[in-house]
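The structure appears below as structure tokens.
All chains are named by letter (A, B, ...) in the order of the sequence lines, taking the proteins before the strands, and each is independently numbered beginning at 1.
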Protein chains: 2
Amino acid sequence: MDAGFETHLRADGVEFDADDAELLRAVDREGSLNRAADELGRSYSRAHQRLTALEDALGPLVTRQRGGSGGGGSELTDEARAVLARFERLRAEFTGTAEVEETVLSGRVVAREGELATVETSAGRVRALAPEADTDAVQVAVRADAVTLHAPEDAPAEAATSARNRFAGTVSAIDAGEQVARVLVDASADATLSALVTASSVEKLDLRAGSEVVASFKATATRASPGEDW
Amino acid sequence: MDAGFETHLRADGVEFDADDAELLRAVDREGSLNRAADELGRSYSRAHQRLTALEDALGPLVTRQRGGSGGGGSELTDEARAVLARFERLRAEFTGTAEVEETVLSGRVVAREGELATVETSAGRVRALAPEADTDAVQVAVRADAVTLHAPEDAPAEAATSARNRFAGTVSAIDAGEQVARVLVDASADATLSALVTASSVEKLDLRAGSEVVASFKATATRASPGEDW
DNA sequence: CAGGGTTATGTCTGAGAGGGAACAACGGTC
DNA sequence: GACCGTTGTTCCCTCTCAGACATAACCCTG
């Protein structure tokens, strides 16, 4: 069971989604809405209809040439390229959150100031963003790419960094990839943090199984969601 | 134009989405699939059909009681609660990425080792995860909740931290919220990083407009996506 | 033993999205 | 001036999905 998503940009009642992005890119490649629809196996009439609907909300997306040599064609406007770039960025971000590993800690909210909560977990107290909830039982998720590792002797002082969560631990395993490694850090007897770091960080920090490290992550990058243990 | 998304858990051909989560929660509240469908304004037959389809893929989600005192009812299984918790966590994560501000830097890939790229931007060289692309022109997105601020005199040494990106700058503005503040850091003449930190971090680091700070963020939390400037 | 609210199952109907086809308008090219 | 491939517009058909409605099976309560 894995995570999936569809993302879109909403503007003026229309949702620009992945199909729309595909259509625009096809128009860019083919130079014609007709050939674009054909290439994608979609009907021209619907593609045209969709395009005009998008333009009603987003402004001109293609410059049309009807008749002329070759019969005409369509080209993307700068606005269309901007929307595409924006969408691509959004998709990259979402792909990241869908794929990145996260360590989940079950815990209970012991203090709360507005949207910020202090949660008692098996790893210790964690500060996290928490939407108002009707229950104290929450699970705290920490993205592996949000965990920064430090050499213990040179870890920043508590008051010198904006990372509000900080745990000393020992490296229990390193899952080395091509350029990115997954480092497991035992923060307590039954709490293992997963951290995603570059291979060069592993080298510079001289990380190996058994190394002492300090793992830190920001409260604003940590999210609590209601949920019982399981 | 803002970001939207729908998320789901995929398993065995079925996609557990927000509507399904709503249905399960309604069953939990009402104790009956009938009343749950009624409360949500959905037809019982479709709700039942959907539930059995979900159970085919995910295993038993409700224990059914047909007949008996009160006519019977349905209750969630522990598996159902686990799926709900998992979905809720996923949604919280996605909501975060959809809502958090990010600073976007346009740049060009100047070096690449596998999935890791070095990008030349207006703020300097940035290390980022970058999917293989056909163009050097990329935009680098840094989430505001991924940027850690340090006191300049106590910022960790380059070799002592796994944060591969690090920029000294001055605070240009602070957008103080209830418990979370948005800090703008001028890293260069035309590159302003946005960092989301807790109010207590603002206090501990004694941040104000004009303060010198060091902003750091991990390469594995930074994503490049293809795209021209705009 | 009837009552009642539930689960379980199937059919009809309507809304919406999409494909396919037809046709007009357009304007360089031959 | 005919030709051609495009854009622009319209109509119809199909497919899918959800609601609605009807009906059977179930089993504890009184």
Discussion item. Is there a side-chain contact between B:Leu105 and B:Ser122 in this structure, where contact means two heavy atoms from C-beta onward sitting under 4.5 Å apart?
Written reply: yes
Please check the phosphate of [N] (OP1 and OP2 only) for any side-chain N or O of [X] closer than 4.0 Å.
{"X": "A:His48", "N": "D:dT7", "value": "no"}
{"X": "A:Ser32", "N": "D:dT7", "value": "yes"}
{"X": "A:Arg42", "N": "C:dG18", "value": "no"}

Exercise. Applying side-chain contact (heavy atoms from CB on, under 4.5 Å), run through B:Arg25 and B:Leu84 and close with a yes or a no.
Key: CA-CA 8 Å; B:Arg25 274 192 294 266; B:Leu84 267 181; 3.9 Å; yes
The residue among B:Asp186, B:Asp190, B:Thr192 that forms side chain to side chain contact (heavy atoms under 4.5 Å, CB included) with B:Ser188 is B:Asp190
If you look at every heavy atom in B:Leu33 and B:Ala47, which pair is closest and at what distance?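 Of all heavy-atom pairs spanning B:Leu33 and B:Ala47, the closest is CD1-CB, 4.2 Å.
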I want to verify a distance call: between [options], whose nearest atom is closest to the [X] side chain?
{"X": "A:Asn34", "options": "D:dT6, C:dG19, C:dT7", "value": "D:dT6"}
{"X": "A:Leu33", "options": "C:dT7, C:dT11, D:dT7", "value": "D:dT7"}
{"X": "A:Ser43", "options": "C:dG20, C:dT11, C:dC26", "value": "C:dG20"}
{"X": "B:Arg64", "options": "D:dT9, C:dA25, C:dA8", "value": "C:dA8"}
{"X": "A:Tyr44", "options": "C:dA8, C:dT6, D:dG8", "value": "D:dG8"}

Inset, instruction - Tell whether A:Arg66 reaches the base of C:dG27 with its side chain through a donor-acceptor pair below 3.5 angstrom. - result: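 Not at all, since no donor on one side and acceptor on the other fall under 3.5 Å apart.
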request  = Classify the side chain of A:Ser45 and the base of C:dG20 as holding, or not holding, a donor-acceptor pair under 3.5 Å.
outcome  = yes
Figure out the [atom1]/[atom2] separation between [X] and [N], and round it to whole Å.
{"X": "A:Asp38", "N": "D:dG5", "atom1": "CG", "atom2": "C1'", "value": "13 Å"}
{"X": "B:Leu40", "N": "D:dG19", "atom1": "CG", "atom2": "C1'", "value": "14 Å"}
{"X": "A:Gln49", "N": "C:dG20", "atom1": "CD", "atom2": "C1'", "value": "14 Å"}
{"X": "B:Glu55", "N": "C:dT7", "atom1": "CD", "atom2": "P", "value": "12 Å"}
{"X": "A:Arg50", "N": "C:dG19", "atom1": "CZ", "atom2": "C1'", "value": "17 Å"}
{"X": "B:Arg46", "N": "D:dA20", "atom1": "CZ", "atom2": "C1'", "value": "11 Å"}
{"X": "B:Leu51", "N": "C:dT9", "atom1": "CG", "atom2": "C1'", "value": "14 Å"}

**Prompt:** Does the side chain of A:Ser194 come under 3.5 Å of the side chain of A:Glu101 through a donor N or O and an acceptor N or O?
**Reply:** yes
Assign A:Gly41 to base, sugar-phosphate, or nothing according to its heavy-atom contacts below 4.0 angstrom with the strands shown. sugar-phosphate
